[in-house]
Amino acid sequence: MKISINDVEHVADLARLHLDEKEKEQLAGQLSSVLDYIDMLNELDTKDVPPTTLAVFIDNVFRSDEVGQSLTNEVALANAPDKKDGFFRVPTII
Amino acid sequence: MDREIIIGLETHVELKTKSKIFCSCSAQFGGEPNTNTCPRCLAMPGTLPVLNKQAVEFAMKAALALNCEILPFCVFDRKNYFYPDLPKGFQTSQYTYPLARNGYIDIKVNGKTRRIRINRIHLEDDAGKSIHEKNYSLVDLNRAGVPLIEIVTEPDIRSPEEARLYLEKLKAILEYTEVSDCRMEEGSLRCDANISLRPFGSDKLGTKTEIKNLNSFRSVQRGLEYEVWRQNQALDNGEEIVQETLQWDEDLGVTVPMRSKEEAHDYRYFPEPDLVPTVITEEWIEAVRSTIPELPDSRFKRFVEEYGLPEYDAEVLTASRPVADYYEACLKFCPDPKAVSNWVMVDLFALLKANNMELADCLISPENLGEMIKLIKEGTISSKIAKTVFEEMFKTGKTASTIVEEKGLVQISDEGELRALVERVVAESPKSVEDYKNGKKKALGFMVGQVMKETKGKANPQLVNKLLLEILDN
């Protein structure tokens, strides 16, 4: 599979990554070879195999609806690069 | 050109669990910002989600009440996008294997029943709340991780009015099942609409737009009406509809395009590896089904059949569960369905509205309202005095008989006492008596009024009438 520079730019944009031209070239090649490798799986006949959503075979793990301890506002914001009046402060969204 | 309107609604409903969907933080609305958070809902590295069983059961209950089939196997997926109110960088939702499918809601439009099909219902977590200031935004993550269900209709809705009726009915059903507070003003019920137009008779869908921020029943109808007009204008002018997301501005009454984020619609869903699948057995479904109470449609039918109420009354009374419960509680104390219906629908609703109150805040207990209506029926108070008593009950919460006693409002039905008064009024109104004898029947009303005035409205009006006729016609 061939990954184009356009594909790299699109994915980088979604992931909020800023890449220079050289990096785009390099990643296009690397991503292509990763996908080529994964493509080998397509050689297997999976017609009768149900889609796998998880590699462990358990289901129905629940917790009961009980309220536990939350963090204090100070602790919750401790790692925040910026805060104001108990809120996380972030660059303008809209 | 007249075009057919095609609308589909996506409604997000917060489930009223005590704790969040994947962690044990409180799911309560409000609170100081960022005080209901923990490493898990803040998405700290290394933390893992565990599904709240109650959230699954509330979602199942809602799905069954909305006539859906519950799927035996459902899986959470990651819906990836970047937004500051979403600390994980993805919403945990259900994509390929949702909880439920193929439901419907019946609504009544101009007396006809219309069925709006529900395509799917899935379970997901809510995002936090952002407040947008001029140069920055503030984020509160208390809401991040509150359980939500998203209810997606088929494009079956044919007018803005139908959209509002669908939403009202949806809210009523969900309130009956008690899975959500459904408070639109607090954001626990939120609605987005997809809308397109096409020539009548066409089976191809036109290009649609999506409207967000429809945060009240009124906005849903108004926002859609505006968008119908806008799309019609554009099509009439030969323009093409651009597929875009619009924001409804309630103050200006217009839809405005949101900043384009078409890139962000590439959600790259994939199964959430940190959660195991949910397997739902028939047995579990039946256990949840048995907790569903009588729903609005069957209650409506029963009110008409059992109580002989007009359809209009039954419709109004069953539209909200607290009202229907209140009504039936009153009937226990005064088994006169139509009289109770009138007092609840007319007088009680008017006072609640005038005071901007909810039924839950009402001081008049069903027992007290029942007693008051009985006092009217027994002739202890006149219906006119009852209005005064009722207002006093509404203000103070006292019983009707206490108020009647305290204020001396008992109806005067003593014939001797009234006859003396009527005779005096007749003696003092020679002009009216003359008018009456000359065939002006209206003069009688004047004299009844005088007697009522003298007794401050307490005289039994039928008796006054009878006595007046006796005296005058002799």
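These numbers come from a predicted model, not from an experiment. By convention in this document, chain letters (A, B, ...) are assigned in the order of the sequence lines, proteins followed by strands, and residues within each chain are numbered from 1.
- Heavy-atom distances place the backbone of C23(B), and not its side chain, under 4.5 Å from chain A.
- D7(A) and S4(A) share a donor-acceptor pair across their side chains, judged by distance under 3.5 Å alone.
- Contact of V75(B) with chain A is made through the side chain alone, with heavy-atom distances under 4.5 Å.
- With chain B as the partner, the residue from R63(A), K83(A), Q69(A) showing the most heavy-atom pairs under 4.5 Å is R63(A).
- Between chain B and the options N60(A), N79(A), V75(A), T72(A), the largest number of non-hydrogen pairs under 4.5 Å is found for N60(A).
- Using a distance-only test at 3.5 Å, with no hydrogens or angles considered, a donor-acceptor pair links the side chain of K61(B) to the main chain of T177(B).
- With chain A as partner, the option from Q28(B), E272(B), K53(B) having the largest number of non-hydrogen pairs under 4.5 angstrom is K53(B).
- Among the candidates L71(A), I58(A), D82(A), the residue making the largest number of heavy-atom pairs closer than 4.5 Å to chain B is L71(A).
- The two residues W284(B) and E57(B) come nearest to each other via the heavy atoms NE1-OE2, 2.7 Å.
- Contact check for L19(A) versus V8(A): side-chain heavy atoms found under the 4.5 Å cut-off.
- Using a 3.5 Å distance cut-off with no hydrogens or angles, the side chains of Q91(B) and S93(B) do not pair a donor with an acceptor.
- Between chain A and the options T96(B), N135(B), I21(B), the largest number of non-hydrogen pairs under 4.5 Å is found for N135(B).
- Among the candidates L141(B), L275(B), T37(B), the residue making the largest number of heavy-atom pairs closer than 4.5 Å to chain A is T37(B).
- Of the listed residues (S26(B), A55(B), G89(B)), the greatest number of heavy-atom pairs within a distance under 4.5 Å of chain A belongs to S26(B).
- At a 4.5 Å heavy-atom cutoff, the contact between F22(B) and chain A is made by backbone atoms alone.
- Options D65(A), V61(A), D59(A), N73(A) differ in how many heavy-atom pairs under 4.5 Å they form with chain B, and the most are formed by D65(A).
- Contacts of D85(A) with chain B are made by backbone atoms alone, with heavy-atom separations under 4.5 Å and no side-chain atom involved.
- Sparse packing is recorded around CD of E283(B), with 12 or fewer heavy atoms of other residues, nucleotides or ligands lying under 6.0 Å away.
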Can you give each donor-acceptor pair under 3.5 Å made by side-chain atoms of residues 20-27 of chain A, sequence neighbours left out, with the distance rounded to 0.1 Å?
| from | atom 1 | to | atom 2 | distance (Å) |
| --- | --- | --- | --- | --- |
| D20(A) | OD1 | K22(A) | N | 3.2 |
| D20(A) | OD1 | E23(A) | N | 2.8 |
| E21(A) | OE2 | K24(A) | NZ | 3.2 |
| E23(A) | OE1 | D20(A) | N | 2.9 |
| K24(A) | NZ | E9(A) | OE2 | 3.0 |

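- No side-chain heavy atom of K20(B) sits less than 4.5 Å from a side-chain heavy atom of D125(B).
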